[in-house]
Amino acid sequence: MIAQNTLRQLTLHNFTLTQLREWRSESKRRYPDFELVLLVRQSPQWAGELEYTCHFRPLPGAPQVLETCDFPWKPFWDSLTFFYHEGADYSTEIELIWQCYPSQSSFVIPNTQMESWQLQLGDDEKDDLTVAELLNSYFAVPKGATKGAILTCYQ
């Protein structure tokens, strides 16, 4: 298991806060019942190689995902070099997902809810932060600080 600080640092090193905010905002608009997870880590198999996961974690009450589609709602780690798509109609993996699934209605079963077991995080994903959690953790109030204290930036 990789420490949360390492995942946070590698992710913030590879993507800007502006990118993360924009991707999170657009993802939330398109998929209101799912939360974007975008993380970078050192590959456990290949020394010096970075990997990423880009998926959309279902929130409680989220509709079930069609079994016949490959919408990424569970983590899948791949080489970071595959995140960018030069010369295509899309420049990143997120834009490709948006192109394939322009809205939540393009991959869910209407009037259903995911089962509780589908919402449970596996041991390997319990420490994975959503982009919203990552952004919220970027600025933290120091312990014991009073009202008006300066925020601490973790990098």
Determine whether the aromatic ring centres of residues F15 and F83 are separated by less than 6.0 angstrom. yes
Are T18 and T16 close enough that a side-chain donor and a side-chain acceptor fall under 3.5 Å? no
Validation: residues 57-76 side-chain donor-acceptor distances under 3.5 Å, sequence neighbours left out:
| from | atom 1 | to | atom 2 | distance (Å) |
| --- | --- | --- | --- | --- |
| R57 | NH2 | D128 | O | 3.1 |
| Q64 | NE2 | Q113 | O | 3.1 |
| D70 | OD1 | Y101 | OH | 2.5 |

Using a 4.5 Å cut-off on heavy atoms from C-beta on, say whether the side chain of R41 contacts that of L50. no
Given 3.5 Å as the limit, does a donor-acceptor pair link the side chain of E93 with the main chain of C54, or not? no
Out of curiosity, Y52 OH to I94 CD1, how far, rounded to the nearest 0.5 Å? 9.0 Å
Salt bridge (Lys or Arg N to Asp or Glu O under 4.0 Å) partners for E35, two or more places apart: R24, K28
Matching residue for F107 among F56, W98, Y31 - test: ring-ring contact (aromatic ring centres under 6.0 Å, His included): Y31
Counterpart residues, salt bridge (Lys or Arg N to Asp or Glu O under 4.0 Å), relative to E95 (two or more places apart): none
Residues pairing under ring-ring contact (aromatic ring centres under 6.0 Å, His included) where one sits in residues 111-132, two or more places apart or in two chains, turn out to be none
Heavy-atom side-chain proximity of W23 to L36 below 4.5 angstrom: yes
Nearest 0.5 angstrom please: S106 OG to Q104 CD, how far? 8.5 Å
Check side-chain hydrogen bond (donor to acceptor under 3.5 Å, both in side chains) between S25 and all other residues, then give those that pass, not counting sequence neighbours. none
Under the side-chain hydrogen bond (donor to acceptor under 3.5 Å, both in side chains) rule, collect the residues that match up with E49, sequence neighbours excluded. S79
Under the 3.5 angstrom rule, does the side chain of R30 hit a backbone N or O of P102 as a donor-acceptor pair? yes
Distance check, rounded to the nearest 0.5 Å: R21 atom CZ versus L134 atom CG? 10.5 Å
Would L38 and Y84 show up in the same hydrophobic cluster when neighbours are defined by side-chain heavy atoms closer than 4.5 Å? yes
Rounded to the nearest 0.5 angstrom, the CD-CG distance for E51 and D78 is 7.5 Å
For N14 and L80 the tightest heavy-atom approach is OD1-CD2, 3.4 Å
